[in-house]
S.K.: 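Sharing a structure below in C-alpha cells format, with a few things to ask.
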Amino acid sequence: MRYSAESLRLPVNGLDYAILAIYFAVVLGIGVAARRSVRTSLDFFLSGRSLPAWITGLAFVAANLGATEILGMAANGAQYGVYTVHWYWIGAIPAMVFLGLVMMPFYYGSKVGSVPEFLLRRFGPASHLLSSVIFAVSSVLIAGVNLYALALVLRALLGWPQGVAIIVAGLFVLAYITLGGLTSAVYNEVLQFFVILAALVPLTVVGLKRVGGPGGLWDAVSAAHGKDFLSAWGGTGVGHANPLGANWLTIVLGLGFVMSFGYWTTNFAEVQRALSAKDLGAARRTPLIAAFPKLLVPLVVVVPGLIALVLEPSLGRAGSGLSYNDAIPVLMRDLLPNGMLGVAVTGLLAAFMAGMAANVSSFNTVFTSDIWRAYVRPGRPDAYYLATGRAVTAVGVLAGMGTAFIASSFSNIMNYLQTLFSFFNVPLFAVFVIGMFWKRATAAAGFWGLLSGTAAAMVNYFWLYRRGVIGIPTDQGANFVSSIVAFAVAAAVMLVVSLVTEPRPAGALTGLVYGTAAAPVEGGTAWYRRPAPLGWGAVLLAALCYVPFSL
C-alpha cells in the first residue's frame with residue numbers, strides 16, 4: 001500500500017482538528033469512567049459478564065468494522081466489484097446466526113473465559129496451548145494491519161509522519177484498554193460504530209450524487225468493467241473467468257462455509273463481546289443483533305469503492321501512485337468540505353481503534369488466562385493476573401507496532417487478512433465443530449487436526465500457489481482454496497486419529513458435546529432441550545441469509 005502523499009493531502013483546518021480532539025477526549029473519558037468497574041480479572045477481561053445484549057451486539061459488529069474492514073472492503077469493491085458482497089451476505093450473516101443459535105450456548109453455558117479455554121475442556125492441554133499460541137500470534141498480526149493501515153492513511157491525508165501516527169494512535173488504544181479493560185473497549189466500540197457511520201454515510205450519499213445516482217454508477221461501471229462486475233454471481237460458473245478469480249463452488253465452500261464460519265465462530269476478538277453479556281439469552285442475541293447492521297454495511301463500504309473507481313479510473317493501475325486501498329481516501333479528498341473532513345478522519349481513527357482494540361483486548365485475555373495463568377504462573381492471587389493483563393496490553397500494542405509492516409507487500413490489505421484467516425481460523429473451526437458434534441473425537445485428534453490443518457493451508461498458499469504449482473488467478477481465490485484444504489485436512493486427520501486413540505470418558509464431555517446430559521447453564525437444563533427465547537428476529541434474519549442467492 002503506497003500513497004502519493006501530495007495528491008491525497010486533505011485541506012484540513014482548525015475545525016477538523018477540533019473534532020479530532022473532542023473525539024480523543026471522549027475516548028479517554030470512557031476509559032477513566034470504566035476503570036471504576038474494574039476490580040477483578042473477570043471485570044477486566046470479560047466486563048464481569050454484566051453487559052446488556054444491545055451493547056454487546058453493537059460492539060460485536062464494531063469490533064469487525066475496523067480500518068482494515070473499511071479500507072479493505074472498499075478496496076475489494078474497487079478491485080472485484082459487487083462480488084465483494086459475498087463477504088457479508090455469504091461470508092458473515094449465516095455464520096453469525098450459527099454462532100448465536102448453536103455455538104454460544106456451548107461457550108457461555110460452560111462458563112469458559114475464552115475460545116481456547118473451551119478446547120482445554122474438550123480436548124485437553126495440548127490443543128489448548130497450541131490454539132492459544134496460534135491465536136496470540138494471529139491477534140498481533142491483525143492488530144498490526146490496523147495500525148499500518150491507519151498510519152499510512154494519516155500520513156497521506158494529514159501529513160503526519162508515519163512514526164507519529166503509529167505512536168499517537170497506539171498510545172490512545174493502550175490508554176483506554178489499560179484503564180477500563182474490556183468494558184472500556186466495548187463502550188468505545190459502541191461510540192465508534194456511530195462515528196464510523198457518521199463518516200461513511202455522507203461520503204456514500206455525496207459520492208452517489210457526484211456520479212449521477214445509482215443509475216449513473218451502474219452505467220459508468222458496467223461500461224468500463226462489464227455487467228458481471230455489478231453482479232454477485234455473474235461469471236462464477238466453473239471454468240469461467242471473473243475478477244474475483246473464484247467460481248461459485250469455491251465461494252460457497254471456501255468463503256461461505258469454512259472461512260466464514262472459521263472466523264465468526266472461533267475468533268475470540270468477536271466471541272469475547274458475546275461472552276461479556278449478562279446471561280445466556282443476551283449472549284445468544286449478541287451476534288444476531290450484530291447481523292442486522294452487518295447486512296447493510298456493504299452500502300457504505302462496497303459502494304464507495306465502486307464510486308472511487310468511477311471518479312478515479314487509474315485506481316489500482318501500475319504507475320498511477322494509487323492502490324485499491326486508496327478508494328476511501330480519494331473520496332474524502334475529492335468530495336468532503338471542512339468539518340465533514342474532520343468527521344471522516346475521526347471515523348477512520350474510530351475504525352482503527354475499534355479493530356485494534358478488539359484484537360489487543362482479546363490478546364491480553366488469551367495470553368494472561370490461557371498461557372500465563374495456565375502454564376507459566378498458575379495459582380497466583382487474582383490481583384496478580386489483573387496487573388499482568390494490564391502489562392500484557394502494552395506488550396500487545398508494542399507487538400502490533402512491530403508487525404505493522406508485514407502488510408506492506410499487499411496492495412489490498414483484505415487479501416492479507418483473508419490469508420491469515422485461512423491459516424489460523426479455518427483449522428480451529430474444523431476442530432471445534434467436530435468436537436462439539438462428535439463424542440468420539442479424542443484429545444490427540446484435536447491437537448493433530450489443528451496443527452495439520454494450519455500446516456496444510458500454509459503449504460497450499462506458499463508452495464502450491466505462490467510457486468505456481470497450481471494455477472489460481474487471484475490471491476482471494478487462493479485463500480478460498482487454502483481454506484477448503486485446511487478444513488478437509490484437519491477433518492480427515494481428526495477422523496483417523498480419533499479411530500486409533502482412546503476417547504475421553506463420557507462424563508468429562510457434559511455440556512461440551514451436543515446431545516450430552518444437562519449442561520451447567522441456568523435452570524440446570526441443557527439449552528438444546530428447551531426453546532430458545534430469541535423471538536421472530538432470528539427467524540427473519542435466517543430468511544434474509546438467502547437474499548444473495550437471488551442476486
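Keep in mind that what you see is a predicted model, and the values were worked out from it rather than measured.
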S.K.: Quick one: list whatever passes ring pair (Phe, Tyr, Trp, His ring centres under 6.0 Å) with F60, sequence neighbours left out.
M.R.: W264
S.K.: Who are the salt bridge (charged side-chain N to carboxylate O under 4.0 Å, His left out) partners of R504, not counting sequence neighbours?
M.R.: none
S.K.: Quick one: do the T501 and T442 side chains pair a donor with an acceptor below 3.5 Å?
M.R.: yes
S.K.: Which value, rounded to the nearest 0.5 Å, describes the distance between I93 atom CD1 and W87 atom CH2?
M.R.: 15.0 Å
S.K.: For the side chain of T84 and the backbone of N76, is there at least one donor-acceptor N/O pair under 3.5 Å apart?
M.R.: yes
S.K.: With a 4.5 Å limit on heavy-atom distance, are the side chains of L200 and P304 in contact?
M.R.: no
S.K.: Rounded to the nearest 0.5 Å, what separation is found between the OG atom of S369 and the CG atom of N364?
M.R.: 8.5 Å
S.K.: Taking W89 for the side chain and L295 for the main chain, is one N or O donor matched with an acceptor at less than 3.5 Å?
M.R.: yes
S.K.: Strictly distance-based, threshold 3.5 Å: is any side-chain N or O of H86 a donor or acceptor partner for the main-chain N or O of A232?
M.R.: yes
S.K.: Taking the six-membered ring for Trp, is the centroid-to-centroid distance between F257 and F429 below 6.0 Å?
M.R.: yes
S.K.: Is it the case that the side chains of R273 and S361 hold a donor-acceptor pair, with the cut-off being a distance below 3.5 Å and no angle test?
M.R.: yes
S.K.: Excluding sequence neighbours, so at least two apart, what forms ring pair (Phe, Tyr, Trp, His ring centres under 6.0 Å) with F432?
M.R.: Y107, F118
S.K.: Closest approach of K439 and L509, non-hydrogen atoms and distance?
M.R.: O-CD1, 3.7 Å
S.K.: Measuring only between side-chain heavy atoms, which start at C-beta, is V201 closer than 4.5 Å to L299?
M.R.: no
S.K.: Can you tell me if S222 uses its side chain to pair, donor with acceptor, with the backbone of D219 under 3.5 Å?
M.R.: yes
S.K.: Flag the pair F487 / F261 as yes when their ring centroid distance falls below 6.0 Å, and as no otherwise.
M.R.: no
S.K.: Can you check whether G91's main-chain N or O pairs, donor with acceptor, with S260's side chain at less than 3.5 Å?
M.R.: yes
S.K.: Could you tell me whether the side chain of R285 and the main chain of A53 form a donor-acceptor pair under 3.5 Å?
M.R.: no
S.K.: For I251 and I90, which heavy atoms make the closest approach, and how far apart are they?
M.R.: O-CG2, 4.3 Å
S.K.: Quick check for you: to the nearest 0.5 Å, what is the distance between L275 atom CG and F268 atom CZ?
M.R.: 6.0 Å
S.K.: Show the nearest heavy-atom pair for residues K111 and R121, with the distance to one decimal.
M.R.: O-NH2, 3.8 Å
S.K.: Looking at every non-hydrogen atom in both residues, tell me the closest pair between L315 and A78 and how far apart they are.
M.R.: CD2-CB, 3.9 Å
S.K.: Please round to the nearest 0.5 Å and tell me the distance separating atom OH of Y461 and atom CZ of R466.
M.R.: 3.5 Å
S.K.: Please check this pair: side chain of Y324 against backbone of G77, looking for a donor-acceptor N/O pair closer than 3.5 Å.
M.R.: no
S.K.: Report yes if the side chains of M96 and L288 come closer than 4.5 Å at any heavy-atom pair, otherwise no.
M.R.: no
S.K.: State, to 0.1 Å, how close S114 and D370 come at their nearest heavy-atom pair, and which atoms those are.
M.R.: OG-OD2, 2.6 Å
S.K.: Check for a donor-acceptor pair, side chain of Q79 on one end and backbone N or O of A75 on the other, with a separation under 3.5 Å.
M.R.: no
S.K.: State which residues pass side-chain contact (heavy atoms from CB on, under 4.5 Å) with F229; sequence neighbours excluded, sorted by chain then number.
M.R.: V221, H225, P243, L306, L309
S.K.: Hey, are T56 and T286 close enough side-chain-wise for a donor-acceptor pair under 3.5 Å?
M.R.: yes
S.K.: Within a strict 4.5 Å, meaning less than it, do heavy atoms of the V310 and L217 side chains meet?
M.R.: yes
S.K.: Tell me which one of N247, L249, T250 satisfies side-chain contact (heavy atoms from CB on, under 4.5 Å) with F480.
M.R.: T250
S.K.: Kindly give the heavy-atom pair with the smallest separation between G100 and M104, and that separation in Å.
M.R.: O-CB, 4.1 Å
S.K.: Check for a donor-acceptor pair, side chain of S127 on one end and backbone N or O of G124 on the other, with a separation under 3.5 Å.
M.R.: no
S.K.: Could I get the full list of ring pair (Phe, Tyr, Trp, His ring centres under 6.0 Å) partners for F424, not counting sequence neighbours?
M.R.: none
S.K.: The test is side-chain contact (heavy atoms from CB on, under 4.5 Å); show your working for L119 and V431 and say whether it passes.
M.R.: CA-CA 9 Å; L119 286 186; V431 173; 4.0 Å; yes
S.K.: Nearest 0.5 angstrom please: F437 CZ to Y514 OH, how far?
M.R.: 7.5 Å
S.K.: Can you find a side-chain donor-acceptor pair between T365 and Q272 that sits under 3.5 Å?
M.R.: yes
S.K.: Please identify each residue that fulfils side-chain contact (heavy atoms from CB on, under 4.5 Å) with V489, with sequence neighbours left out.
M.R.: S452, A456, V485, V493
